[in-house]
Q: 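This is the structure, below, for whatever I ask next.
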Amino acid sequence: MLLWAVPALAAGRPVLVCFGDSITAGYGLPAGQAYPAALQRKLDRSGYRYEVNNQGTSGATSKDAVANLRTVLQLHPAVVIVEFGGNDGLRGVPPDQTRRNLDTALTTLENAHIKVLLAGITLPPNYGADYIQAFEAIFRDLAQKHHTAFVPMIYQDLVHVPNTIQADGIHPTAKGSEIIADTLLPALKPLLKR
């Protein structure tokens with residue numbers, strides 16, 4: 001009987017979707033160590049009754065964000081963390097294309113009356129100052145346009161902390177994922193209800 005009660009309780013919780021690429025998916029990490037799992041633990045400990053749903057896909061671009069919006073909408077989320085763009089940048093996708101795709105995703109979520117936190121990222125210096133500046137402006141401009149909660153750089157609190165990035169130099173470790181969850185929480189909490 002107790003086993004039946006747990007899904008019933010979870011089903012009554014509002015859904016918070018983490019919608020993104022390999023950072024969200026937890027590339028290279030064992031199950032339960034990506035930032036959405038860390039976020040679930042932190043929200044539970046803080047008394048927030050949300051069900052965190054990880055909709056991260058390794059290798060996903062902003063084009064995939066648009067293509068997978070229907071799946072996210074079918075979850076009827078109260079809040080969505082949007083974390084796309086890194087793969088666009090690494091592949092040299094024109095910033096205007098990334099901007100259009102993310103704008104479409106944010107507009108769709110906004111029209112569905114879903115609260116959004118937009119998580120930005122930057123690129124390695126070898127991509128050139130002009131491209132990096134145009135890339136970073138995408139997130140800032142769209143957050144302003146859509147009045148979303150915003151974290152300009154999802155890695156902002158882990159870049160100088162040892163053992164937070166995997167050997168590939170791109171993806172967070174379990175420790176890094178914990179720090180990402182901590183980075184997102186201050187911008188996320190105003191969107192949540194207890």
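Please read these numbers as outputs of a predicted model, since none were measured by experiment.
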Q: Could you tell me which non-hydrogen atom of Tyr50 sits nearest to which non-hydrogen atom of Lys193, and how far apart they are?
A: OH-N, 2.8 Å

Q: Out of curiosity, does Phe135 fall in the hydrophobic cluster containing Val66 (side-chain heavy atoms, cut-off under 4.5 Å, transitive links)?
A: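 No, Val66 does not connect to Phe135 through the hydrophobic network.
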
Q: Could you report the tightest heavy-atom contact between Ala181 and Ala38, atom names first, then the distance?
A: CB-CB, 3.9 Å

Q: For a 4.5 angstrom cut-off between non-hydrogen side-chain atoms, does Pro186 reach Val151?
A: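 Counting from C-beta outward, Pro186 and Val151 never come under 4.5 Å.
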
Q: Between the side chain of Gln40 and the main-chain N/O of Val52, is any donor-acceptor distance below 3.5 Å?
A: yes

Q: So do Asp182 and Lys42 actually touch side chain to side chain, heavy atoms under 4.5 Å?
A: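 Counting from C-beta outward, Lys42 and Asp182 do come under 4.5 Å.
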
Q: Can you get from Ile121 to Val93 by hopping between Ile, Leu, Val, Met, Phe, Trp and Tyr side chains that sit under 4.5 Å apart?
A: no

Q: From Leu106 CG over to Asn111 CG, what is the distance, rounded to the nearest 0.5 angstrom?
A: 11.0 Å

Q: Test your reading of the model: is there a side-chain donor-acceptor pair from Asp88 to the backbone of Ser62, 3.5 Å cut-off?
A: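 Checked: pair present.
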
Q: Atom CD1 in Ile165, atom NZ in Lys175: separation rounded to 0.5 Å?
A: 11.5 Å

Q: Measure the OG1-CZ distance between Thr108 and Arg70 for me, rounded to the nearest 0.5 Å.
A: 12.0 Å

Q: Are side-chain heavy atoms of Tyr155 and Ile23 found at a separation under 4.5 Å?
A: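 Yes, side chains in contact.
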
Q: Hydrophobic clusters here meaning ILVMFWY residues chained together by side-chain heavy-atom distances under 4.5 Å, can you tell me if Ile170 and Leu29 are in one?
A: no

Q: Between side-chain atoms of residues 72-86 and protein atoms elsewhere (two or more places apart, or another chain), which donor-acceptor pairs fall under 3.5 Å?
A:
residue : atom : partner : partner atom : Å
Glu83   : OE1  : Asp21   : N            : 3.1
Glu83   : OE1  : Thr24   : N            : 3.4
Glu83   : OE1  : Thr24   : OG1          : 2.5

Q: Mind checking the NE2-CG spacing from His146 to Asp141? Nearest 0.5 Å is all I need.
A: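 Reported to 0.5 Å precision, the distance equals 10.5 Å.
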
Q: Quick one: are Glu110 and Val116 in side-chain contact, heavy atoms under 4.5 Å?
A: no

Q: In the single-linkage hydrophobic clustering (I, L, V, M, F, W, Y; side-chain heavy atoms under 4.5 Å), do Ile180 and Leu191 co-cluster?
A: yes

Q: Any idea which heavy atoms bring Ala37 and Gly32 closest together, and the distance?
A: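 Nearest pair, atom of Ala37 first, then Gly32: CB-O, 3.4 Å.
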
Q: Roughly how far, to the nearest 0.5 Å, is the CD1 atom of Ile154 from the CG atom of Leu118?
A: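 Leu118 CG to Ile154 CD1: 10.0 Å, rounded to 0.5 Å.
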
Q: Side chains of Asp96 and Ile138: closer than 4.5 Å at any heavy-atom pair?
A: no

Q: Can you check side chain to side chain contact (heavy atoms under 4.5 Å, CB included) on Ile114 and Val17, steps first, answer last?
A: CA-CA 10 Å; Ile114 297 167; Val17 172; over 6 Å; no

Q: Between Asn53 and Gln55, does any side-chain donor sit less than 3.5 Å from a side-chain acceptor?
A: yes

Q: Counting only N and O atoms by type, is there a donor-acceptor contact under 3.5 Å from the side chain of Arg194 to the main-chain atoms of Ser46?
A: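 Side chain of Arg194 to backbone of Ser46: a pair is present.
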
Q: Taking atom types as modelled and ignoring hydrogens, do the side chains of Thr61 and Asp64 form a donor-acceptor contact shorter than 3.5 angstrom?
A: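 Looking only at side-chain atoms, Asp64 and Thr61 do form a donor-acceptor pair, the distance falling under 3.5 Å.
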
Q: Nearest 0.5 angstrom please: Leu142 CG to Asn101 CG, how far?
A: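 The CG atom of Asn101 is 10.5 Å from CG of Leu142, to the nearest 0.5 Å.
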
Q: Does any non-hydrogen side-chain atom of Thr173 lie less than 4.5 Å from one of Gln33?
A: no

Q: If I compare all heavy atoms of Phe150 with all of Ala187, which pair ends up nearest, and what's the gap?
A: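 Closest approach of Phe150 to Ala187, heavy atoms only: O-CB, 4.2 Å.
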
Q: Return each pair, listed once, that meets side-chain hydrogen bond (donor to acceptor under 3.5 Å, both in side chains) where at least one residue sits in residues 113-135; pairs must be two or more places apart or across chains.
A: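 Output for this query lists Thr122-Glu136.
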
Q: I'd like to check the ring-ring contact (aromatic ring centres under 6.0 Å, His included) partners of His171; sequence neighbours left out, ordered by chain and number.
A: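 His171 satisfies ring-ring contact (aromatic ring centres under 6.0 Å, His included) with Tyr27 only.
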
Q: Taking C-beta and beyond as the side chain, do Tyr35 and Thr183 meet within less than 4.5 Å on heavy atoms?
A: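 The answer is no, as the side chains (C-beta and beyond) never meet within the 4.5 Å cut-off.
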
Q: Using a 4.5 Å cut-off on heavy atoms from C-beta on, say whether the side chain of Leu16 contacts that of Leu43.
A: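 In contact.
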
Q: Quick check: does any side chain N or O of Glu51 sit under 3.5 Å from a backbone N or O of Pro14, one acting as donor and the other as acceptor?
A: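 A pair under 3.5 Å: no.
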
